[in-house]
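A quick write-up on the structure given underneath.
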Amino acid sequence: MLLLEYEDFLRQINVAIEEKREEQVFTRWINGYQNEMSLDEFKQKVNFKKLSEIYIENKDVETVLDDLLKKFG
């Protein structure tokens, strides 16, 4: 993995994170909700989204620090 290009490395990490998140939501569903609703219904109830569906605002460092200062003083 250390020989991968930066973008390829990030893609691999995102795939691993996505698989882990899918596994966690599936485990939660199996442990208590499988008889009550489908997996897709459960995902909707817990507001599960894939990483590609999550919008992350791109801010510069100064803006983030200003926001933290306003929020936490």
Side-chain angles (χ1 to χ4, degrees):
M1 277 187 99
L2 295 176
L3 299 176
L4 293 175
E5 293 293 325
Y6 177 74
E7 291 84 12
D8 294 333
F9 182 69
L10 285 179
R11 263 188 240 110
Q12 290 292 330
I13 289 174
N14 285 336
V15 167
I17 291 170
E18 190 66 41
E19 290 294 321
K20 185 66 176 174
R21 292 181 75 237
E22 286 277 348
E23 180 183 326
Q24 289 171 337
V25 79
F26 179 76
T27 301
R28 286 177 61 193
W29 175 71
I30 285 290
N31 285 330
Y33 298 96
Q34 66 189 13
N35 296 324
E36 298 175 24
M37 63 185 80
S38 71
L39 179 58
D40 289 332
E41 290 171 330
F42 179 72
K43 285 180 178 180
Q44 288 177 349
K45 289 266 187 193
V46 297
N47 202 21
F48 177 81
K49 294 181 180 173
K50 293 185 176 202
L51 291 177
S52 60
E53 297 171 343
I54 299 172
Y55 174 72
I56 299 172
E57 187 177 348
N58 190 11
K59 296 181 178 180
D60 61 45
V61 174
E62 290 299 321
T63 305
V64 171
L65 291 175
D66 288 341
D67 291 347
L68 288 172
L69 181 61
K70 289 175 188 172
K71 186 168 187 172
F72 298 107

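We're numbering straight along the sequence, starting at 1.
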* Report the distance from atom CG of N14 to atom CD of E19, rounding to the nearest 0.5 Å. => 12.0 Å
* Specify the closest pair of heavy atoms between I30 and Q34, including all atoms of both residues, with the distance to one decimal. => CD1-OE1, 3.1 Å
* **Residue pairs passing the salt bridge (charged side-chain N to carboxylate O under 4.0 Å, His left out) test where at least one lies in residues 35-51, sequence neighbours excluded** => E22-K43
* Could you pull out the closest heavy-atom pair between L39 and F26, with the gap in Å? => CD2-CD1, 3.9 Å
* **All side-chain hydrogen bond (donor to acceptor under 3.5 Å, both in side chains) counterparts of R11, not counting sequence neighbours** => D8
* Asked: So does F48 have more than 12 non-hydrogen atoms from other groups sitting under 6.0 Å from CZ?
  -> yes
* From OH (Y33) to CZ (F42), nearest 0.5 Å -> 6.0 Å
* How long is the gap from OG1 on T27 to NZ on K20, to the nearest 0.5 Å? -> 7.5 Å
* Can you list the residues that meet the salt bridge (Lys or Arg N to Asp or Glu O under 4.0 Å) rule with R21, with sequence neighbours excluded? -> none
* **Shared hydrophobic cluster, V15 / I17 (ILVMFWY, side-chain heavy atoms < 4.5 Å)** => no
